[in-house]
There are 2 protein chains.
Amino acid sequence: MGSSAREEARIADALRKAVLERKLAPGSKLPEEELAQIFRSNRAKIRRVLLSLSRSHIVTLEPGRGAFVSRPSPQEARDVLASRRLIEVSLLARPYRKLSTQGVTRLRRIMAQEAEAHEKHDAIAMIHVSGQFHLTLIEELGNEVLKSITEELILRMSLIITMYERHNTTCCLSSDHHDLLDLLLAEKYAEASLLMARHLEGIESCLDFHRDPVTATILSQILQPVQG
Amino acid sequence: MGSSAREEARIADALRKAVLERKLAPGSKLPEEELAQIFRSNRAKIRRVLLSLSRSHIVTLEPGRGAFVSRPSPQEARDVLASRRLIEVSLLARPYRKLSTQGVTRLRRIMAQEAEAHEKHDAIAMIHVSGQFHLTLIEELGNEVLKSITEELILRMSLIITMYERHNTTCCLSSDHHDLLDLLLAEKYAEASLLMARHLEGIESCLDFHRDPVTATILSQILQPVQG
DNA sequence: TCAACCATTATTGTTCACAATATCAAACCC
DNA sequence: GGGTTTGATATTGTGAACAATAATGGTTGA
């Protein structure tokens, strides 16, 4: 049964996906037994997955009480934001290498998907695809380690946005991505870096840390459609 | 038994410490039963610790074969190095805030310990204290998230240095730390950033990725003195 | 009516035994 | 003699039962 790692990865991915898509609200309880049923698995595996996710700050384990979707504090939120800005802005200012032609192709394809999602008003797809754009950029200009670090930060940002997003605002400007690619192709890195800074600041300005923290904890029934 | 988390933290710290001090060579096998005996614990807890450490790339879990101290590839090594450089150099160039007076105090104290360790030719203390200097700097000028990211990168670098260190070289120049603090106090961030870049490049230049990879895997008996 | 207390229930934490798998060594065949 | 197979041994993986703990709801008393 060497596929157990595969099964755990599947469960972890499903949970991560649910967080990314903001289906799992911060604070939601994640009962082991219930998750085991949902994923047709057993408690032991669920337990490993939860431990794993807790190491990436997606889940918080409270001894004796169980696992909960993390509720990042305003301070943690600011730190995650700032860290992501540091990494992405600095990398664009002095990328490790130029964009490869295949990289450009991948970025263009992602941008096309972005346009399509925008067209259909598919907010969930927008989130996914927008994240993919940033990650591909880092992978192209940076390296795997930075990519996995940023991957985690993006996931944490998803929780942050769910908790602190100001009402009646849209956070992601896909037009920026277009301009970003143009600047990179022209090798205008200083300008690209500046645009990225503004882009991420734009997200930050959508947050309100004084918001009423009554983010209702959604029952994990939400998860059932994720995995039959 | 709410102290189980505490016990696991203790074990994980001991293992991390052993890696940091280069007592545990990359590739060493970490048998669950043996670790359980060494730490007067049981397999279940050891297992959790190993899973946890594997998430921070210190340990590699091979399904069906067990846990091993990770052997970072040359590519991974380069990526870790580059990532750390990106974070620390960029942060010094544009720190989030100025050094606090207590921060300066802490840094000076660390530097004193560094001098002392240098005096005594205590290589292990040097490693610890040097790491503490960098982490404190990040904590002061940056934030907690960046600190924990860097903490992990430093640990990975410990493995990298063990594997790829060129013979007959010393990797860490503590004199740089002194100059660094002076520049920061003078708020000459551009110069401080440059010095940090050179400092980290200095470490990199001590590495030889073509070295014979015969890093012997030390038996984990090494660990016994760590925890009676 | 409210608060504190206690019993009940549900959930998490731990342990153990067993199954599956890999490792090692000796025997075997080519 | 070298390489392969096969069996014995050790280690990891899995599942289930049990213990410990926290949440729940109802009762009692002021």
Side-chain angles (χ1 to χ4, degrees), chain A residues 1-12 14-15 24-55 58-71 216-224 227, chain B residues 1-12 15 24-55 57-71 216-224 227:
Chain A
M1 310 281 180
S3 67
S4 91
R6 203 104 207 101
E7 185 182 346
E8 283 170 29
R10 178 180 64 84
I11 298 173
L15 286 171
L24 267 179
S28 307
K29 187 158 199 321
L30 300 171
E32 300 176 356
E33 190 60 49
E34 199 172 343
L35 287 174
Q37 285 176 356
I38 291 174
F39 292 107
R40 311 279 163 83
S41 187
N42 55 42
R43 271 184 62 207
K45 279 174 192 147
I46 295 296
R47 190 165 260 269
R48 295 244 299 269
V49 169
L50 291 174
L51 176 60
S52 201
L53 290 176
S54 80
R55 291 267 330 163
I58 303 306
V59 157
T60 301
L61 298 181
E62 297 188 21
R65 296 199 54 234
F68 300 82
V69 179
S70 295
R71 295 175 51 88
T217 67
I218 299 176
L219 201 58
S220 57
Q221 302 308 92
I222 305 298
L223 268 182
Q224 250 149 3
Q227 156 62 17
Chain B
M1 311 275 182
S3 67
S4 89
R6 203 104 206 101
E7 185 182 345
E8 283 170 31
R10 179 179 64 85
I11 297 173
L15 286 172
L24 269 178
S28 307
K29 186 156 200 321
L30 299 171
E32 300 176 355
E33 189 60 48
E34 199 171 343
L35 289 174
Q37 285 176 355
I38 291 173
F39 292 106
R40 312 277 163 83
S41 187
N42 54 43
R43 269 183 63 207
K45 280 176 190 139
I46 295 296
R47 188 166 262 269
R48 292 238 292 275
V49 169
L50 291 175
L51 176 60
S52 202
L53 290 175
S54 80
R55 292 264 332 161
H57 307 271
I58 303 305
V59 157
T60 301
L61 299 181
E62 297 188 21
R65 297 198 55 233
F68 300 81
V69 178
S70 295
R71 296 174 50 89
T217 67
I218 299 175
L219 201 59
S220 56
Q221 303 307 92
I222 305 297
L223 268 182
Q224 251 149 1
Q227 156 64 17

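Every chain is numbered from 1 and lettered A, B, ... according to where its sequence line falls, protein lines coming before strand lines.
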| request: Spell out, as yes or no, whether a donor-acceptor pair under 3.5 Å connects the side chain of B/Lys29 to the backbone of B/Val69. | output: no
| said: According to side-chain hydrogen bond (donor to acceptor under 3.5 Å, both in side chains), who are the partners of A/Ser41, at least two apart in sequence or on a separate chain? | reply: A/Glu7
| query | Roughly, in whole Å, what's the span from CD in A/Glu32 to P in D/dA16? | reply | 15 Å
| field | Qualifying residues under side chain to side chain contact (heavy atoms under 4.5 Å, CB included), relative to A/Ser52, sequence neighbours excluded | value | B/Arg55
| remark: Taken in chain and number order and not counting sequence neighbours, the residues that satisfy side chain to side chain contact (heavy atoms under 4.5 Å, CB included) with A/Gln37 are A/Glu33
| Could you give the CZ-to-C1' distance, from A/Arg47 to D/dA16, as a whole number of Å? | 14 Å
| task | Grab the CG-P distance between B/Leu51 and D/dT12 for me, whole Å please. | result | 15 Å
| Between D/dT14 (P) and A/Glu8 (CD): distance, integer Å | 7 Å
| What's the CD-P distance between B/Glu33 and D/dT9, to the nearest Å? | 18 Å
| request: Please report, rounded to the nearest Å, how far the C1' atom of D/dT11 is from the CD1 atom of B/Ile46. | output: 15 Å
Taking N or O atoms only and anything under 3.5 Å, show me the protein contacts with nucleotides 22-24 of chain C, one pair per line.
from   : atom 1 : to      : atom 2 : distance (Å)
C/dT23 : OP1    : B/Arg65 : NE     : 2.2
C/dT23 : OP1    : B/Arg65 : NH2    : 3.1

Which protein N or O atoms sit under 3.5 Å from an N or O of nucleotides 15-19 of chain C?
from   : atom 1 : to      : atom 2 : distance (Å)
C/dT15 : OP2    : B/Asn42 : ND2    : 2.3

| request: Check the pair B/Ile58, B/Leu15 against side chain to side chain contact (heavy atoms under 4.5 Å, CB included), reporting the backbone distance first and the verdict last. | output: CA-CA 9 Å; B/Ile58 303 305; B/Leu15 286 172; over 6 Å; no
| query | Where is the tightest heavy-atom contact between B/Leu61 and B/Ala67, given as atom of each residue plus distance? | reply | CD2-CB, 3.5 Å
| field | Protein-nucleotide distance (B/Leu61, atom CG; D/dT11, atom P), rounded to Å | value | 17 Å
| Between B/Ser70 (side chain) and B/His57 (backbone), is there a donor-acceptor pair under 3.5 Å? | yes
| Gap between atoms CD and C1', on A/Glu62 and C/dT12 respectively (whole Å) | 13 Å
| task | Check salt bridge (Lys or Arg N to Asp or Glu O under 4.0 Å) between B/Arg48 and all other residues, then give those that pass, not counting sequence neighbours. | result | B/Glu8
| Are side-chain heavy atoms of B/Leu30 and B/Ile46 found at a separation under 4.5 Å? | no
| Between B/Lys29 and D/dT12, does any side-chain N or O lie under 4.0 Å from OP1 or OP2? | yes
